[in-house]
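Down below is the structure, laid out as structure tokens.
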Amino acid sequence: MHGFFEIARTDFAATFGGAWIFPILAASMVWILKAEQNKTLKLLFGLLPLAILGLYWCPLSGLVFMKLLGENVYWRVLWLVLPAVTIPYAGCLVLKRLEGLRRYGAFLVMLAVIALGGQKVLSAEWFEASVNVYKVPQYVVSVCDLLPGRVHVLASNRLTPYLRLYDPTITLEYARNAMGYNEDSEGPVAELYNAVQEPEIDIDVVGPLARQQACTFLIFSISRTYVGDWADYGYRKYADTDEFVIFVDENYKEGEDARKWED
């Protein structure tokens, strides 16, 4: 039970922390319950968000949601609460009761509260300037410019989210979904993924699996260390960048279509 409340508290703080959004939301729900006369609207905009918050904090329903969604994404329950709907609706109910200059004044105060109580979206914490027209990290461009098209690649986790954004003709042995693999996962792809996550890559393990999976190119961080010789399994160094080293199947011929599947 303690574990549930710790997760719920952490996720709640991460979602609503650092802004006035939750106090404004809470005040909006209370005002809607008091001021709205239409029972259906009162249910949708007042009681429903309150009920979702109750389910979120209730251990019985919360543990069920954790089981269904996973503990790491329990915060998604809070997506069912819609501040962008509830808060403006409550504001409209306030403005509806006012007239003349008081209505204009209340509207300006609401704008100020929302603007000053939030966070700057366009801040360095959330955004960074794009370094190229593809809007991918420059190290990805540096690697892709060295790769021929239509090849099958086993790549570092840092590269897999971006390679096909730059060159969709490349196919990947595993991508971001492979990060869910663990040491108990089965199958050659899982074995290969887990093998290249080791602090020191055992070529006698990775080499045969990479050949079995028809990986044409292997791309690793230049800081990685290895035990064994890639040549024993038919791979040689192809190229490198400031951050990555690229190995290629020695049987690969330039221009060959070595994709594992077609798009």
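Predicted model only: the values in this text are computed from it and were never measured. Sequential numbering from 1 along the given sequence is applied to the chain's residues.
Here Trp57 pairs with Phe12 under the ring pair (Phe, Tyr, Trp, His ring centres under 6.0 Å) rule; sequence neighbours left out. For Tyr162, there are no ring pair (Phe, Tyr, Trp, His ring centres under 6.0 Å) partners, not counting sequence neighbours. With sequence neighbours excluded, no residue forms a ring pair (Phe, Tyr, Trp, His ring centres under 6.0 Å) with Tyr233. Thr10 pairs by the side-chain hydrogen bond (donor to acceptor under 3.5 Å, both in side chains) definition with nothing, not counting sequence neighbours. Looking at residues two or more places apart in sequence or on another chain, you find a salt bridge (Lys or Arg N to Asp or Glu O under 4.0 Å) between Arg9 and Glu6. Applying the salt bridge (Lys or Arg N to Asp or Glu O under 4.0 Å) rule to Asp229 yields no partners; only residues at least two apart in sequence or on another chain are considered. Among residues two or more places apart in sequence or in another chain, the salt bridge (Lys or Arg N to Asp or Glu O under 4.0 Å) test is passed with Lys34 by none. Not counting sequence neighbours, Arg236 has no partner by the salt bridge (Lys or Arg N to Asp or Glu O under 4.0 Å) test. Residues passing the side chain to side chain contact (heavy atoms under 4.5 Å, CB included) test with Ala155 are Val153, Leu159, Thr160, Leu163, Ile219, sequence neighbours excluded. Under the side chain to side chain contact (heavy atoms under 4.5 Å, CB included) criterion, Val94 pairs with Trp31, Leu98, Met110, sequence neighbours left out.
Residues Phe217 and Leu154 fail the side-chain proximity criterion, which asks for heavy atoms closer than 4.5 Å. Put simply, the side chain of Val140 does not reach to within 4.5 Å of the side chain of Tyr134, judged on heavy atoms. The side-chain heavy atoms of Val151 and Glu256, taken from C-beta on, include no pair separated by under 4.5 Å. Put simply, the side chain of Cys215 reaches to within 4.5 Å of the side chain of Leu218, judged on heavy atoms. Residues Thr169 and Asp257 fail the side-chain proximity criterion, which asks for heavy atoms closer than 4.5 Å. In this structure the side chain of Asp167 never reaches within 4.5 angstrom of the side chain of Leu147, judged on heavy atoms. In this structure, the side chains of Val227 and Ile201 stay at 4.5 Å or more apart for every pair of heavy atoms. Within the 4.5 Å cutoff, the side chain of Pro148 has heavy atoms near those of the Glu254 side chain.
Not a single donor-acceptor pair under 3.5 Å links the side chain of Arg211 to the backbone N or O of Asp249. Panel note: side chain Gln138, backbone Val136; no donor-acceptor pair is recorded below 3.5 Å. Not a single donor-acceptor pair under 3.5 Å links the side chain of Thr86 to the backbone N or O of Pro83.
Here Phe220 and Phe244 keep their ring centres 6.0 angstrom or further from each other.
Other residues, nucleotides and ligands contribute over 12 non-hydrogen atoms within 6.0 Å of the CD atom of Glu200. Shown here is Asn38, whose CG atom has more than 12 heavy atoms of other residues, nucleotides or ligands within 6.0 Å. By the 6.0 Å contact criterion, CZ on Arg103 is enclosed, its count of non-hydrogen atoms from other residues, nucleotides or ligands being greater than 12.
Criterion: ILVMFWY side-chain heavy atoms under 4.5 Å apart, direct or through other members. Under it, Val133 and Tyr139 are part of a common hydrophobic cluster. Cluster membership for Ile222 and Trp230, using ILVMFWY side-chain heavy atoms within less than 4.5 angstrom, is not shared. With hydrophobic clusters built from ILVMFWY side chains whose heavy atoms lie under 4.5 angstrom apart, Leu53 shares a cluster with Phe5. A continuous path of ILVMFWY side-chain contacts below 4.5 Å connects Val85 to Leu93, so both sit in one hydrophobic cluster. Hydrophobic clustering (side-chain heavy atoms under 4.5 Å, transitive across Ile, Leu, Val, Met, Phe, Trp, Tyr) groups Leu95 together with Leu111.
Between Arg150 and Gly255 the shortest heavy-atom distance is NH2-O, 3.0 Å. The two residues Pro199 and Thr225 have their closest heavy-atom pair at O-OG1, 3.9 Å. The nearest pair of heavy atoms linking Ser61 to Leu55 is OG-O, 2.5 Å. Annotation for Pro23 and Trp20: closest pair CD-O, 3.1 Å, computed over non-hydrogen atoms.
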Can you give the donor-acceptor pairs under 3.5 Å from side chains of residues 39-46 to other protein atoms, not counting sequence neighbours?
{"unit_1": "Lys42", "atom_1": "NZ", "unit_2": "Leu33", "atom_2": "O", "d": "3.2"}
{"unit_1": "Lys42", "atom_1": "NZ", "unit_2": "Glu36", "atom_2": "O", "d": "3.3"}

Listed pairs under 3.5 Å, donor-acceptor, residues 66-80 side chains, sequence neighbours left out:
{"unit_1": "Tyr74", "atom_1": "OH", "unit_2": "Tyr56", "atom_2": "O", "d": "2.5"}
{"unit_1": "Trp75", "atom_1": "NE1", "unit_2": "Asn72", "atom_2": "O", "d": "3.0"}

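Residues Lys237 and Asp240 are paired through a salt bridge, judged by an N-O separation under 4.0 Å between the basic side chain and the carboxylate.
Summarising the geometry, atom CD belonging to Glu243 is positioned 8.0 Å from atom OG belonging to Ser142; distances are rounded to the nearest 0.5 Å. Put simply, OH on Tyr166 and CG on Asn132 are 8.0 Å apart, with the number rounded to the nearest 0.5 Å. Between Ile32 atom CD1 and Cys92 atom SG the span is 9.5 Å, to the nearest 0.5 Å. Once rounded to the nearest 0.5 Å, the distance linking CD1 of Ile87 with CD1 of Ile114 reads 6.5 Å. One distance of note links CD of Gln197 with CG of Leu192; it measures 9.5 Å at 0.5 Å rounding. Going from atom CG of Asp232 over to atom CD1 of Ile203 covers 8.0 Å, rounded to the nearest 0.5 Å.
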Problem - Trace of the side chain to side chain donor-acceptor pair (under 3.5 Å) decision for Thr216 with His152 - result: CA-CA 5 Å; Thr216 319; His152 190 64; over 6 Å; no

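The aromatic rings of Tyr226 and Phe247 sit perpendicular, their planes meeting at an angle over 60°, well past the 30° parallel limit.
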